[in-house]
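Just so you know, ligand 1 is whichever comes first in the structure, and atom 1 is the first atom listed for that ligand.
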Amino acid sequence: MSFSSLGLSDEIVRATTERGYTTPTPIQIQAIPAVLAGGDLLAGAQTGTGKTAGFTLPILHLLSKNSPQNSPNRNAPIGRAPIRSLILTPTRELAAQVEESVQAYGKYLKLNSMTVFGGVGMTPQVRQLRSRVDILVATPGRLLDHVQQGTVDLSRVEILVLDEADRMLDMGFIRDIRRILALLPKQRQNLLFSATFSPEIKAFASSLLNQPTLIEMERRNVTADTVAQKVYLVDRERKRELLTHLIRQHNWFQVLVFTRTKHGADRLVKQLTEDRIPAMAIHGNKSQAARTRALAKFKDASLQVLVATDIAARGIDITDLPHVVNYELPNSPEDYIHRIGRTGRAGADGEASSLVCVDEHQLLGAIEKLIKQQLPREIVTGFEPDLHAKPEPIQNGRQNRQQQARGGHSNGQSRSRSAQPSSQKTAMRKGTGGSSKPNGRPPMPRLSSGQ
Ligand code: AMP
């Protein structure tokens with residue numbers, strides 16, 4: 001099976017070959033022809049399966065073959081070149097990464113793309129939006145800011161992609177997304193990608209999609225035999241020492257380390273730096289510039305350790321990332337899968353290590369139940385855990401959930417927005433001032449605390 005046999009143009013095949021891809025991944029084999037056929041798509045696929053190329057390649061093909069005049073929305077007023085495809089993502093990093101793929105795969109085509117996300121100035125985005133943009137990759141909040149300012153026109157979008165839709169819903173973007181949907185032409189192609197299919201996602205998909213092609217990739221957790229998973233049992237207070245020991249002993253480089261909280265990430269970076277292990281953190285409290293800088297250094301292998309919280313790391317793609325470390329297990333077992341999905345991607349070998357203390361045995365049990373396998377345990381000599389240690393409540397768990405309910409959570413979008421329950425967000429946008437009145441919604445169940 002080759003990319004050209006999937007019906008993609010020579011220019012696109014050439015770009016994928018230059019990127020080093022010779023064979024399409026399973027999701028690409030299914031998604032590319034489905035998207036090229038023009039219908040809606042509902043795909044259950046996680047980051048790491050090659051899903052980005054699964055939608056960007058056929059979108060590039062369709063847009064380059066059909067001029068706007070031939071497009072389904074040809075009756076729309078002809079003015080300046082319209083935005084023809086809108087790709088919505090939950091995080092800035094994912095938006096940047098998707099657009100980078102669009103650029104790479106579309107390098108031999110005359111199509112323009114750009115990203116729109118928060119945490120950076122509006123003005124350069126406004127300027128760029130005035131020029132020709134065929135494909136816009138955006139996070140929902142900032143896109144709506146542009147809508148409100150009248151700096152973006154979505155009335156001629158032909159293809160809509162919702163990438164990581166489950167995460168967007170978890171992050172409380174549903175109202176934002178619905179507002180965006182209302183601005184799009186009724187006749188369009190919709191592609192929805194989601195790692196999981198909760199009842200909420202199913203209901204949303206059925207309201208959005210028209211007789212979609214269904215693609216469900218086998219869950220990575222069941223099949224990810226390219227990732228060697230291991231649990232290191234250790235005392236709570238000795239995790240940092242053990243991490244330093246493992247990094248030194250195995251000479252690990254390019255280690256992505258997950259902590260549960262932003263504060264924990266900062267503290268760990270400080271401690272690793274004291275141990276002379278170069279480390280930086282990315283999380284929602286860091287400026288976009290700091291996050292971009294840390295990620296760039298990590299990607300070009302000039303930074304040994306990147307410490308991240310779940311949402312900040314969502315969608316990060318570092319090819320052949322060799323090591324992922326769960327410094328703390330996530331509150332949600334699903335997040336374990338997302339975390340270890342950073343390694344062993346697209347067939348590469350990877351290693352995922354979890355440092356587990358007595359407080360986390362329940363979380364470990366929930367993960368093992370979800371992935372349907374028992375993870376091998378290891379005790380490192382000199383780091384034997386105290387068998388009589390009593391579990392303590394996991395710090396920040398409940399407390400942060402309450403903060404979330406009050407609007408104290410930051411998820412990597414602009415802080416004030418993401419912190420608000422949806423109804424408050426709308427109020428703030430309208431300038432009515434978000435009150436702290438509870439909106440009756442329970443806190444988001446799958447958001448890990450304190451990202
Ligand atoms: P994604 O799931 O889209 O985040 O992609 C996961 C990783 O697989 C990225 O590093 C892609 O560059 C890579 N990738 C995507 N398609 C292919 C392919 N056909 N062959 C090899 N690697 C691929």
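Close approach of ligand 1 to G50 (heavy-atom distance below 4.0 Å) involves ligand atoms 1 (P), 2 (O), 3 (O), 5 (O), 6 (C), 15 (C). In summary, the atoms of ligand 1 found under 4.0 Å from a heavy atom of K51, numbered by their order in the structure, are 1 (P), 2 (O), 3 (O). Those atoms of ligand 1 with a heavy atom of T52 less than 4.0 angstrom away are 1 (P), 3 (O), 4 (O). Per-residue contacts place T49 under 4.0 angstrom from the following atoms of ligand 1 (heavy atoms of the residue considered): 2 (O).
Ligand 1 has a nitrogen or oxygen under 3.5 angstrom from a nitrogen or oxygen of Q28. Looking at Y21 next to ligand 1, an N or O pair under 3.5 Å apart turns up.
The backbone of T23, and not its side chain, has at least one atom closer than 4.0 Å to an atom of ligand 1 (non-hydrogen atoms only; backbone = N, CA, C, O). At a heavy-atom cutoff of 4.0 Å, ligand 1 is contacted by the side chain of F3 but not by its backbone.
A donor-acceptor contact closer than 3.5 angstrom links the side chains of E18 and Y108. Under the 3.5 Å distance criterion, with hydrogens and angles disregarded, a donor-acceptor pair is assigned to the side chains of T196 and D166. In the model, S113 has a side-chain atom that pairs as donor or acceptor with a side-chain atom of E99 under 3.5 Å.
For E368, the side chain to side chain donor-acceptor pair (under 3.5 Å) partners at least two apart in sequence or on another chain are R377.
Listed by first and then second residue, the side-chain hydrogen bond (donor to acceptor under 3.5 Å, both in side chains) pairs that reach into residues 205-215 come to none, sequence neighbours excluded.
A 4.5 Å side-chain heavy-atom check between V137 and M114 finds every atom pair outside the cut-off.
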